[in-house]
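So the structure is just underneath, and the comments pick up after that.
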There are 2 protein chains.
Amino acid sequence: MNVTIYDVAREANVSMATVSRVVNGNPNVKPATRKKVLNTIERLGYRPNAVARGLASKKTTTVGVIIPDISNIFFSELARGIDDIATMYKYNIILSNSDQNKEKELRLINTMYEKQVDGLIYMGAEISEEHVQQLKTSPVPVALAATIDSSETIPSVNIDYEQAAYEATSILIENGTKHPVFVTEETNSAVNERKYAGYAKALKEANQEINEDFVIKAGLSYESGVEAAKQVMELKDFPKAIFSASDELALGVIHGLQDNGLRVPEDVEVIGFDNTKLSTMVRPTLSTVVQPMYDIGAVAMRLLTKFMNKETVEEQNVILPHQIMKRNSTK
Amino acid sequence: MNVTIYDVAREANVSMATVSRVVNGNPNVKPATRKKVLNTIERLGYRPNAVARGLASKKTTTVGVIIPDISNIFFSELARGIDDIATMYKYNIILSNSDQNKEKELRLINTMYEKQVDGLIYMGAEISEEHVQQLKTSPVPVALAATIDSSETIPSVNIDYEQAAYEATSILIENGTKHPVFVTEETNSAVNERKYAGYAKALKEANQEINEDFVIKAGLSYESGVEAAKQVMELKDFPKAIFSASDELALGVIHGLQDNGLRVPEDVEVIGFDNTKLSTMVRPTLSTVVQPMYDIGAVAMRLLTKFMNKETVEEQNVILPHQIMKRNSTK
DNA sequence: CTTTTTTTTCGAAAGGATAAAATATAAGTA
DNA sequence: TACTTATATTTTATCCTTTCGAAAAAAAAG
């Protein structure tokens with residue numbers, strides 16, 4: 001049926017091993033032989049079977065990518081960074097959505113192992129003990145991207161969320177709002193905790209006792225942001241500045257405010273987080289914390305290649321630089 | 001090193017075949033034996049090797065997905081639909097970005113074949129003769145998603161782009177603009193041609209001679225939209241209505257207009273295409289053609305499963321219904 | 001208690017490559 | 001020319017399952 005390496009070997013009058021060497025670009029092949037084999041391959045339309053190769057070599061040149069939701073603009077940007085570097089190093093990615101569902105996450109990790117991926121990139125909010133257990137006993141290298149496990153035992157690539165949140169909040173305080181509102185995702189993740197910590201730190205530094213009414217737990221979506229804006233307006237004497245844990249939420253917040261006749265930034269300032277493409281797609285354009293999503297994905301994948309090649313890695317927990325991008329939603 | 005089916009067989013005092021049957025849920029196993037094997041599997045921590053299985057069974061339960069750019073909100077939504085249905089049918093997806101680069105596309109198709117995917121979902125703008133050739137001689141089923149090959153010989157899932165564009169344009173005409181502007185992507189794809197055809201049809205029906213100055217070729221991005229808005233404003237006596245070939249472009253157009261003091265929809269109406277999440281994330285909210293991206297992906301994947309199961313398929317070229325969502329960017 | 005039928009289980013052959021050891025050929029040196 | 005050394009090539013084993021025909025065991029029938 002299908003043309004195999006054996007067919008090529010027979011037709012070219014060489015052994016399978018020689019064909020294999022030609023296919024894999026091994027230099028130990030006499031030019032004349034190489035040419036002969038190449039011709040035969042061409043003539044028969046031979047296409048190497050990566051599955052057979054994977055079984056024999058124990059390498060699939062495939063890495064698993066577990067992602068909360070690829071249709072989310074934040075994660076899709078990360079995924080793009082991952083895939084570009086994967087391609088650069090000749091890997092393909094098996095991508096699966098977890099919806100941050102613990103069962104599904106654990107199952108997916110196992111599926112990836114079954115599929116014999118050479119490495120795994122994992123993204124997710126809550127890293128439970130079971131997660132750590134399963135990832136630490138992995139048969140292949142693992143790297144977390146934009147994901148924190150509190151034990152810090154698994155290689156990862158992130159920014160300094162606490163510091164970033166601290167800076168963002170501080171800007172609002174400096175601009176004159178004593179106690180800004182924090183609109184956060186209600187997900188119970190280490191990343192969120194750190195953002196909160198940074199927010200709290202800035203308040204403390206300004207000698208503000210933290211008021212939990214000013215911490216609004218919202219969903220992940222734009223609509224939750226609109227909703228959150230309403231909640232903010234219901235606060236009596238509500239603060240004139242809002243720090244949002246994501247850009248999408250921030251957009252919702254801005255529109256929620258505008259829909260109720262408030263002006264941004266004149267009446268209320270808003271600062272976002274992530275610097276997704278969305279941040280330039282609003283009016284006013286969104287001031288935000290630049291989290292280099294693409295780079296996080298790319299660096300995580302690069303890190304993974306190092307592990308897969310058994311290169312030595314100096315620092316397993318990479319912190320990428322962030323910055324604050326001031327646009328027009330803040331003064 | 002690794003626990004294999006052979007180890008399990010030995011420890012459980014059965015043959016490999018029996019273990020295999022247990023693992024695959026084959027009913028022809030005595031309950032007592034099943035239990036014994038299951039215990040051994042548990043005890044040894046056996047995990048089936050999907051690569052070996054793939055080689056032996058010639059099925060990898062993996063499908064290839066070639067996508068222009070996963071970080072694009074339109075495609076990531078499609079991808080999500082694909083993955084959800086794939087998961088439902090126990091497939092995993094190998095996802096690769098093509099950037100609509102012909103070389104890369106052709107190379108990726110080949111890579112997918114090498115990896116022995118059980119099927120392939122392809123998305124891309126320009127389907128050349130070579131593409132058709134390579135896809136038609138595929139060793140596995142193929143389905144196009146939101147992608148048209150003019151020969152219509154490859155199974156596909158789309159909406160009726162011409163009709164949709166016709167309807168969108170007609171609305172603008174009915175609202176009082178004799179000859180709306182069409183801001184389109186400059187990519188030379190069959191989908192774009194059909195959108196143009198629909199636009200032209202609506203004009204013709206309104207007895208308007210088509211003015212090519214009113215057809216503006218832009219890039220794919222938001223920024224191109226902003227740019228396009230400027231071009232529109234430079235047209236003397238420019239039309240008061242714009243039909244944009246995508247939502248992202250439309251957002252750019254709206255903001256480009258607003259940044260120059262024009263009001264939407266009072267001064268200029270804008271209608272988009274796709275109904276991505278973006279369409280509700282602008283002010284005014286965007287009237288647009290609803291293209292069910294998620295469903296297109298899902299249906300394409302479903303179609304593919306039918307082919308992979310060798311089920312008979314009534315219609316290979318599926319046309320999903322579209323609709324017009326009127327929001328606030330039109331009167 | 002045979003014989004027949006049905007249900008379980010086994011053994012061995014694929015499946016298509018790679019990898020390590022062994023052999024053959026070519027080139028270099030004394 | 002004979003002997004090393006280096007370069008090419010072949011041989012054989014292995015990777016881990018599934019699959020299928022055959023054997024064994026169990027259940028049903030006579």
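FYI, side chains are in, hydrogens and waters are out, and symmetry mates aren't considered; it's all heavy atoms of this structure. Sequence lines set the chain letters: A, B, ... in the order given, protein chains first and strands last, and positions in each chain run from 1. If you're wondering where the values come from, they're calculated on a predicted model, not measured in any experiment.
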5' to 3', nucleotides 13-19 of chain D under a 4.0 Å protein heavy-atom cut-off (B base, S sugar-phosphate only, - none) gives --BBBBB
- request: Just call it for Asn13(B): base, sugar-phosphate, or nothing, with non-hydrogen atoms closer than 4.0 Å on any strand.
  value: sugar-phosphate
Side-chain donor/acceptor of Thr187(B) to backbone N/O of Glu185(B), under 3.5 Å = no
| request: May I ask you to say what Val51(A) touches in the nucleic acid, namely base, sugar-phosphate or nothing, with a heavy-atom cut-off under 4.0 Å? | output: nothing
Output for pair (Leu95(B) CG, Met112(B) CE), nearest 0.5 Å, gives 7.0 Å
* Is the backbone N or O of Ile154(B) less than 3.5 Å from a side-chain atom of Asn317(B), with the two atoms forming a donor-acceptor pair by type? -> yes
Residue set satisfying salt bridge (Lys or Arg N to Asp or Glu O under 4.0 Å) with Arg107(A), at least two apart, ordered chain then number -> none
key: Sidechain-backbone polar pair: Thr147(A) side chain, Ala145(A) backbone, donor-acceptor under 3.5 Å   = yes
When rounded to whole Å, the CD to C1' distance for the pair Glu114(B) and dA17(C) reads 12 Å
Exercise for review: Show the numbers, then the answer: is there a side chain to side chain contact (heavy atoms under 4.5 Å, CB included) between Asn92(A) and Lys115(B)?
Suggested key: CA-CA 10 Å; Asn92(A) 287 107; Lys115(B) 294 243 163 159; 3.1 Å; yes
inquiry  = Within the supplied structure, the quantity of interest is the number of heavy atoms (other residues, nucleotides, ligands) at a distance under 6.0 Å from Glu129(B) CD; does it exceed 12?
reply    = no
Heavy-atom check, side chain of Tyr89(A) versus side chain of Met308(A), under 4.5 Å
no
For residues 65-85 of chain A, the salt bridge (Lys or Arg N to Asp or Glu O under 4.0 Å) pairs (sequence neighbours left out) are Asp69(A)-Arg80(B), Arg80(A)-Asp84(A), Arg80(A)-Asp69(B), Arg80(A)-Asp99(B)
Rounded to 10°, the helix from dC1(C)-dG30(D) to dA30(C)-dT1(D) deviates from straight, judged by its five-pair end axes, by 40°
Those residues at least two apart in sequence (or on a different chain) that pass salt bridge (Lys or Arg N to Asp or Glu O under 4.0 Å) with Lys306(B) are none
Ordered by number, residues from residues 26-38 of chain A within less than 4.0 Å of DNA chain C (heavy atoms) are none
